[in-house]
Novice: 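Here it is, the structure in full.
All residue numbers in this chain count up from 1 along the given sequence. Just so it is clear, the model here is predicted, and its values are computed rather than measured.
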Amino acid sequence: VAEAICYVDDDVDLFFLHIQGSGRIQLDNGEIINVGYSDQNGHRYFSIGKKLIEDGIIQTAQGSLQGMKKWFIDNPDKKESVLNMNSSYIFFTENNYKASGSLGVELTPKRSIAVDTKYIPLGAPVFIHTKNPKTKEEMQRLVFAQDVGGAIKGEIRADFFWGFGKEAEDYAGIMKEKGSLIVLLPKNNEKLSLK
């Protein structure tokens, strides 16, 4: 039996930590520890937000991180049953990085993405073209596929890593912009081929 790293006092924050796959936890003494993905219980991720929208319980605009947190605060009596709809559970390990991906390296704010490895190999450079979710300004930049996620499924889908802190959380919570991905692969390299 594995020993617990720590116990958290907010099950909603824990739920979003499971979605992110890594993060930071502040202990009672003020110390901050970094935790990263270690393993998963084998159950497929179930989108609680999508289910609540489909059932007409919340509006599409409320499906963001911020909207979901507010809904849980406003509906404390329904929180446990709704959180339990997602039977996927992530196990964490303490590590030295603020945020780490599937490659075991520290993620770089605004330069790392999570992808579906059926379509984009880990480590591949990817040129993205999308929009800033707040300002709607064009975003074009080279990023690297350094992580995966249970909710990241599909050929043209990626989770953009905004970084740390409140501002990054605000951007990540509302990021649902459409865009394009151009995967840069070495010519004649079968190991990175998507065929």
Side-chain angles (χ1 to χ4, degrees), residues 14-23 34-55 60 63-65 68 83-93 95 97-133 138-164 168-169 171-195:
L14 177 62
F15 168 72
F16 284 108
L17 180 62
H18 280 240
I19 290 175
Q20 295 301 321
S22 66
N34 303 312
V35 294
Y37 177 94
S38 176
D39 209 343
Q40 196 257 3
N41 67 353
H43 291 268
R44 188 173 180 167
Y45 171 76
F46 179 84
S47 176
I48 290 171
K50 184 177 179 183
K51 175 67 173 168
L52 293 177
I53 291 169
E54 287 175 353
D55 291 351
T60 302
S64 65
L65 179 147
M68 291 292 295
L83 287 174
N84 286 338
M85 286 194 288
N86 176 38
S87 58
S88 172
Y89 196 89
I90 304 299
F91 298 96
F92 295 93
T93 184
N95 64 31
Y97 302 129
K98 290 180 181 177
S100 57
S102 300
L103 289 176
V105 298
E106 187 167 3
L107 301 179
T108 304
K110 301 178 184 177
R111 293 292 176 182
S112 298
I113 59 172
V115 298
D116 184 341
T117 54
K118 288 182 183 175
Y119 303 99
I120 300 175
L122 282 174
V126 180
F127 186 80
I128 65 167
H129 181 190
T130 187
K131 291 182 180 178
N132 182 303
E138 298 287 322
M139 284 176 50
Q140 298 184 42
R141 65 184 61 202
L142 185 68
V143 296
F144 292 88
Q146 296 180 310
D147 202 6
V148 299
I152 312 301
K153 299 297 179 192
E155 188 172 357
I156 307 176
R157 185 169 170 85
D159 188 14
F160 187 79
F161 178 61
W162 284 97
F164 312 97
E169 182 181 279
Y171 276 101
I174 61 171
M175 183 67 175
K176 294 182 188 282
E177 300 299 317
K178 293 185 178 181
S180 62
L181 303 172
I182 300 172
V183 184
L184 307 176
L185 299 173
K187 198 172 183 180
N188 299 324
N189 188 326
E190 291 182 6
K191 289 184 179 179
L192 287 178
S193 174
L194 298 178
K195 293 179 181 177

Novice: Side-chain contact test, heavy atoms from C-beta onward, threshold under 4.5 Å: evaluate it for Ser102 versus Tyr37 and give yes or no.
Specialist: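 No. Closest side-chain heavy atoms not under 4.5 Å.
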Novice: Nearest 0.5 Å please: distance from the CZ atom of Phe160 over to the CD1 atom of Ile128.
Specialist: 5.0 Å
Novice: Determine the minimum heavy-atom distance between Val115 and Ala158, stating which atoms define it.
Specialist: CG1-CB, 4.4 Å
Novice: Is the closest side-chain heavy-atom distance between Pro121 and Leu185 below 4.5 Å?
Specialist: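 They are in contact (side-chain heavy atoms under 4.5 Å apart), so the answer is yes.
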Novice: Side chains of Pro125 and Phe144, heavy atoms from C-beta outward: is any pair under 4.5 Å?
Specialist: yes
Novice: For the CZ atom of Phe91 and the CG atom of Asn41, what is their distance to the nearest 0.5 Å?
Specialist: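 Answer for the CZ-CG pair, Phe91 versus Asn41, is 5.5 Å.
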Novice: Are more than 12 heavy atoms from other residues, nucleotides or ligands located less than 6.0 Å from atom CZ of Arg44?
Specialist: no
Novice: Quick one: pull up NZ in Lys176 and OG1 in Thr60 and give me the separation to the nearest 0.5 Å.
Specialist: 9.0 Å
Novice: State, yes or no, whether a side-chain contact exists between Lys110 and Trp162 at a heavy-atom distance under 4.5 Å.
Specialist: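 They are in contact (side-chain heavy atoms under 4.5 Å apart), so the answer is yes.
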Novice: Closest approach of Asn95 and Val35, non-hydrogen atoms and distance?
Specialist: ND2-C, 4.0 Å
Novice: Going through the checks in order, is the side-chain contact (heavy atoms from CB on, under 4.5 Å) test met by Met139 and His129?
Specialist: CA-CA 6 Å; Met139 284 176 50; His129 181 190; over 6 Å; no
Novice: Give the minimum heavy-atom separation between Ser22 and Phe92, together with the two atoms involved.
Specialist: N-CE2, 4.2 Å
Novice: Should the pair Tyr89 and His18 be assigned to parallel (<30°), tilted (30 to 60°) or perpendicular (>60°) ring geometry?
Specialist: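 The arrangement is perpendicular - the two ring planes meet at more than 60°.
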Novice: Kindly compute the distance separating CD (Gln20) from CD (Glu169), expressed to the nearest 0.5 Å.
Specialist: 8.5 Å
Novice: Taking atom CG of Leu181 and atom CZ of Arg157, what is their separation to the nearest 0.5 Å?
Specialist: 11.0 Å
Novice: Within the 4.5 Å heavy-atom criterion, are Leu83 and Leu14 side-chain neighbours or not?
Specialist: no
Novice: How close do Phe16 and Met68 get, counting heavy atoms only, and between which atoms?
Specialist: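 Minimum heavy-atom contact is CZ-CB, 3.8 Å.
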Novice: How close do Gly63 and Ile53 get, counting heavy atoms only, and between which atoms?
Specialist: CA-CD1, 4.1 Å
Novice: If you measure from CD1 on Ile90 to CZ on Phe15, what distance do you get to the nearest 0.5 Å?
Specialist: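 Reported value, rounded in 0.5 Å steps: 11.0 Å.
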Novice: Is there a side-chain contact between Asp147 and Asp159 (heavy atoms, below 4.5 Å)?
Specialist: no
Novice: What closest approach, in Å, do Phe46 and Asn86 show between heavy atoms, and which atom pair accounts for it?
Specialist: N-OD1, 2.9 Å
Novice: In sequence, state the C-alpha distance, the side-chain angles, and the governing distance for Glu177 and Thr130, and then conclude on side chain to side chain donor-acceptor pair (under 3.5 Å).
Specialist: CA-CA 6 Å; Glu177 300 299 317; Thr130 187; 5.4 Å; no
